[in-house]
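Input: a single structure, listed below in structure tokens.
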Amino acid sequence: MPPPADIVKVAIEWPGANAQLIEMDQKRPLSSIIREVCDGWSLSGSEQFALRYADGPQLYITEQSRGEIKNGTILRLAISPARAARQLLERIQSHVIDARLEALKELAKLSADPTFAAEFINMEVQLDLTMMILCIFGEMLAFTLTAFLELMDHGIVSWDLISLSFIKQIASYVNQPMVDVSILQRSLAILESMVLNSHSLYHRVAQEITVGQLIGHLQVSNQEIQTYAIALINALFLKAPEDRRQVSKKHSLCYSFKMLAQRDIIFELRRIAFDGENDPTGTEKRKAMYTKDYKMLGFTNHVNPAMDFTQTPPGMLALDNMLYLAKVHQDTYIRIVLENSSREDKHECPFGRCAIELTRMLCEILQVGELPNEGCNDYHPMFFTHDRAWEEFFCVCIQLLNKTWKEMRATAEDFNKVMQVVREQITRALAMKPASLDQLKNKLRGLSYSEILRLRQSERMSQDDFQSPPIIELRERIQPEILELIKQQRLNRLCEGSCFRKLGNRRRQEKFWFCRLSLNHKVLHYGDLEESPQGEVPFELLSDKIPVSDIKSVVTGKDCPHMKEKSALKQNKEVLELAFSVLYDPDETLNFVAPNKYEYCIWTDGLCALLGREMGSDLTRSDLDTLISMEMKLRLLDLENITIPDAPPPVPKEPSSYNFTYNYS
């Protein structure tokens with residue numbers, strides 16, 4: 001029987017000792033469990049210990065958070081948060097530099113734990129940290145800033161307690177031209193938190209930090225610095241009074257940093273496609289020299305490609321997708337770009353334009369950016385199989401688009417047509433609910449352009465217009481003519497004849513024999529051959545014959561006498577599916593094994609037609625559907641876009657007189 005819900009099986013570690021495997025009763029007080037664990041290792045003073053997770057953030061476990069422990073979790077016995085806070089404080093106040101640095105490093109890590117943070121703040125040392133920040137530098141400062149930010153983010157202490165001198169010191173790190181990256185990151189994050197959490201601090205920060213200084217941080221290559229700088233810019237705009245906000249998008253700061261970010265990504269796309277990894281001249285080219293490269297990348301605006309991303313959706317999302325493809329699937333990206341840039345101008349697939357339009361299409365298909373719809377039942381499990389499922393989905397679809405473009409032999413004028421086909425390919429594949437991205441690739445591989453055309457044709461035939469009574473009646477009238485046409489084709493093939501194998505007990509004893517129908521359709525001629533013939537065999541060489549009037553029936557598969565006699569052949573499914581026999585008077589049989597499925601269908605259909613029976617092979621059904629479809633299309637060609645009524649129009653009443661006839665006399 002399953003264990004009780006309140007019991008979880010966990011492993012508890014302690015340095016230098018074997019782990020304890022215990023069943024933790026969630027109803028027992030946590031202190032008694034810790035006491036029991038300490039007794040197992042002969043540790044005294046259990047109140048000085050606590051449990052922490054051994055993996056991940058290694059948070060302390062409290063009475064409030066213990067419910068999150070699952071079966072199989074690995075825990076670690078550690079000193080209690082209060083004891084750890086006291087020890088760290090003593091080490092931080094040490095005069096030994098190395099010991100102090102290690103203590104601050106550990107404090108930066110432990111401060112993310114809300115339990116430890118509460119104990120540390122209760123010792124009223126957060127103000128000591130602010131004083132330390134004012135007088136330390138280098139790596140020690142970076143860890144101190146991290147610890148301060150983590151402690152304040154728990155919301156235990158109000159940001160309004162921060163002094164003006166502290167704000168000026170943090171702002172000075174941001175304004176300095178040469179400052180350590182880690183210090184700059186933390187300083188930007190601290191200023192952002194000040195602005196967002198205190199209205200009074202916003203005015204103080206706004207006095208110390210200018211927008212121009214922050215824009216300078218957007219031009220560096222470090223993406224984390226750019227992210228923190230953008231976050232602080234957004235915070236300043238969010239808290240700014242209405243009269244200070246920029247109304248015009250063209251002159252807004254958001255527009256400025258967006259254009260800067262776009263420029264860097266576009267430069268990177270160009271570099272990956274056309275420059276080597278260590279091209280020393282790549283960054284020295286002037287912007288005007290990139291126009292040709294931007295054209296080869298497929299952007300609409302060759303001078304300033306960033307203008308292609310002004311419309312939302314997709315906006316920057318398309319650029320992010322392109323950058324992901326270029327970095328993660330670099331070979332595919334370079335192949336697509338160079339392959340299209342080497343084609344004629346009219347047949348090249350513009351990568352940039354295609355990527356932007358594809359991203360917009362994917363947003364529409366998946367309803368990205370729209371509010372959740374409780375009535376929608378669409379669920380795509382493949383998006384939960386990859387950490388970057390959206391980007392990988394885009395990479396699969398952009399390759400599909402490039403493939404479809406080549407299959408359609410498209411030109412620039414066919415762009416919208418190609419996108420319509422790609423949209424249909426993607427929606428049809430998603431409708432099959434692939435469980436992974438690999439399954440999506442397989443399904444898209446089967447939905448080529450020719451397959452889409454076939455599906456469209458099939459669905460068009462099954463539309464309501466083709467189910468209306470007049471169309472059904474027309475189909476029924478056409479069907480006998482088509483069946484007669486198929487029958488004549490089958491009989492003509494029998495007149496040409498076919499070569500069959502004569503199976504013996506051993507393969508080396510196999511011989512060939514030939515059978516064909518007489519031109520008047522009254523006699524089957526057959527005879528043995530030494531080898532497979534090339535072309536028709538004259539009737540004179542076929543010594544045996546069977547009058548069609550003597551044929552009683554045709555049997556197939558396991559009902560054939562030669563399949564019943566030879567058990568080995570009966571077990572061979574391939575041979576069994578190709579076997580058929582002609583039963584004729586008096587109690588004689590002519591046994592066949594067709595060389596392939598096509599010949600099997602031709603001969604069974606032809607023999608059934610000779611006997612006046614229905615031709616029921618798969619080939620007949622396929623030919624019938626194809627020929628009827630073609631005939632229907634030809635007859636309805638002049639009625640395209642015209643609604644066909646369900647009933648014929650009424651016959652008009654007879655005229656009152658026939659005096660309107662022309663008199664030739």
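Note that the structure is a prediction, hence the values are computed from the model and not measured. Hydrogens, waters and symmetry mates are skipped; everything else that's a heavy atom, side chains included, is used.
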Step-by-step side-chain contact (heavy atoms from CB on, under 4.5 Å) determination, F514 to L541: CA-CA 10 Å; F514 197 88; L541 297 180; over 6 Å; no
Worked verdict on R456 versus V421 for side-chain contact (heavy atoms from CB on, under 4.5 Å): CA-CA 11 Å; R456 284 179 175 179; V421 174; 3.9 Å; yes
Full working for side-chain contact (heavy atoms from CB on, under 4.5 Å) between L474 and I478: CA-CA 6 Å; L474 176 62; I478 293 174; 3.8 Å; yes
Stepwise side-chain contact (heavy atoms from CB on, under 4.5 Å) check, F351 with L401: CA-CA 10 Å; F351 170 74; L401 195 157; over 6 Å; no
CA sep, side-chain torsions, deciding dist, call: D293, R271, salt bridge (Lys or Arg N to Asp or Glu O under 4.0 Å): CA-CA 9 Å; D293 292 343; R271 185 196 66 77; over 6 Å; no
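Across all non-hydrogen atoms, the minimal contact from L494 to I602 is CD1-O, 3.7 Å. Here the closest non-hydrogen pair linking C354 and C349 is SG-SG, 3.4 Å. For the residue pair A579 and Y600, the shortest heavy atom distance occurs at O-CE1, 3.6 Å. Heavy atoms only, all atoms of each residue included: M382 and A389 are closest at O-CB, 4.4 Å. Listed here is the closest heavy atom pair of R490 and C601: NE-O, 4.5 Å. Heavy-atom minimum distance, M615 versus T620: O-CG2, 3.6 Å.
A cation-pi arrangement is not found for R516 relative to Y526, the charged atom failing to lie both closer than 6.0 Å to the ring centre and inside a 45° cone about the ring normal. Relative to the six-membered ring of F512, R501 misses at least one condition, a distance below 6.0 Å or an angle of at most 45° to the axis.
For the pair L455 and R428, the minimum side-chain heavy-atom distance is below 4.5 Å. With a 4.5 Å cut-off on side-chain heavy atoms, F500 and C515 count as touching. Looking only at side-chain heavy atoms (C-beta outward), L624 and I628 come within less than 4.5 Å of each other. Side-chain contact between E476 and I472: present, with at least one pair of heavy atoms (C-beta onward) separated by less than 4.5 Å. By the 4.5 Å heavy-atom criterion applied to side chains, L362 and W390 are counted as neighbours. N591 places a side-chain heavy atom less than 4.5 Å from the side chain of P561. Side-chain contact between R335 and Q399: present, with at least one pair of heavy atoms (C-beta onward) separated by less than 4.5 Å. Between D544 and L524, the closest side-chain pair of non-hydrogen atoms is not below 4.5 Å.
Interatomic distance, OG1 of T385 versus CG of D438, reported as 8.0 Å (0.5 Å rounding). From K558, atom NZ reaches atom CD of E577 across 12.5 Å, with rounding to the nearest 0.5 Å. In this structure, the separation between CZ on R388 and CG on D320 is 8.5 Å, given to the nearest 0.5 Å. Rounding to the nearest 0.5 Å places CG of D623 at 8.5 Å from CG of D605. Within the model, atoms NZ of K327 and CG of L269 stand 9.0 Å from one another, a figure rounded to the nearest 0.5 Å. Here L440 contributes atom CG and H380 contributes atom NE2; the two are 10.5 Å apart, rounded to the nearest 0.5 Å.
Within a 6.0 Å sphere centred on NZ of K522, other residues, nucleotides and ligands contribute 12 heavy atoms or fewer. Annotation for M630: atom CE does not count as buried by contact number, only 12 or fewer foreign heavy atoms lying within 6.0 Å. Around the NZ atom of K433, the shell of radius 6.0 Å holds more than 12 heavy atoms that belong to other residues, nucleotides or ligands. Residue-environment remark: NZ (K417) stays at or below the threshold of 12 foreign heavy atoms within 6.0 Å.
One N or O on the side chain of N596 and one on the backbone of E599 form a donor-acceptor pair closer than 3.5 Å. In terms of modelled atom types and a separation under 3.5 Å, the side chain of Y449 and the main chain of W405 share no donor-acceptor contact. Under a 3.5 Å cut-off, the side chain of Q425 and the backbone N or O of L447 do form a donor-acceptor pair. Between the side chain of S518 and the backbone N or O of V523 there is at least one donor-acceptor pair closer than 3.5 Å.
Counting only N and O atoms by type, the side chains of E484 and Q488 include a donor and acceptor under 3.5 Å apart. A donor-acceptor contact closer than 3.5 angstrom is absent between the side chains of E407 and S450. Residues H386 and E391 have side chains that never bring a donor and an acceptor to within less than 3.5 angstrom of each other.
Classification of E364 and R360 as a salt-bridged pair holds, one side-chain N sitting under 4.0 Å from a carboxylate O. A salt bridge links E481 with R635: the distance from a Lys NZ or Arg NE/NH1/NH2 to an Asp or Glu carboxylate oxygen falls below 4.0 Å.
Applying the side-chain hydrogen bond (donor to acceptor under 3.5 Å, both in side chains) criterion to E588, with sequence neighbours excluded, gives no partner residue.
With F580 as reference, T604 is the one residue of D559, L590, T604 to meet the side chain to side chain contact (heavy atoms under 4.5 Å, CB included) rule.
Between F592 and W603, the ring center distance clears the sub-6.0 Å criterion.
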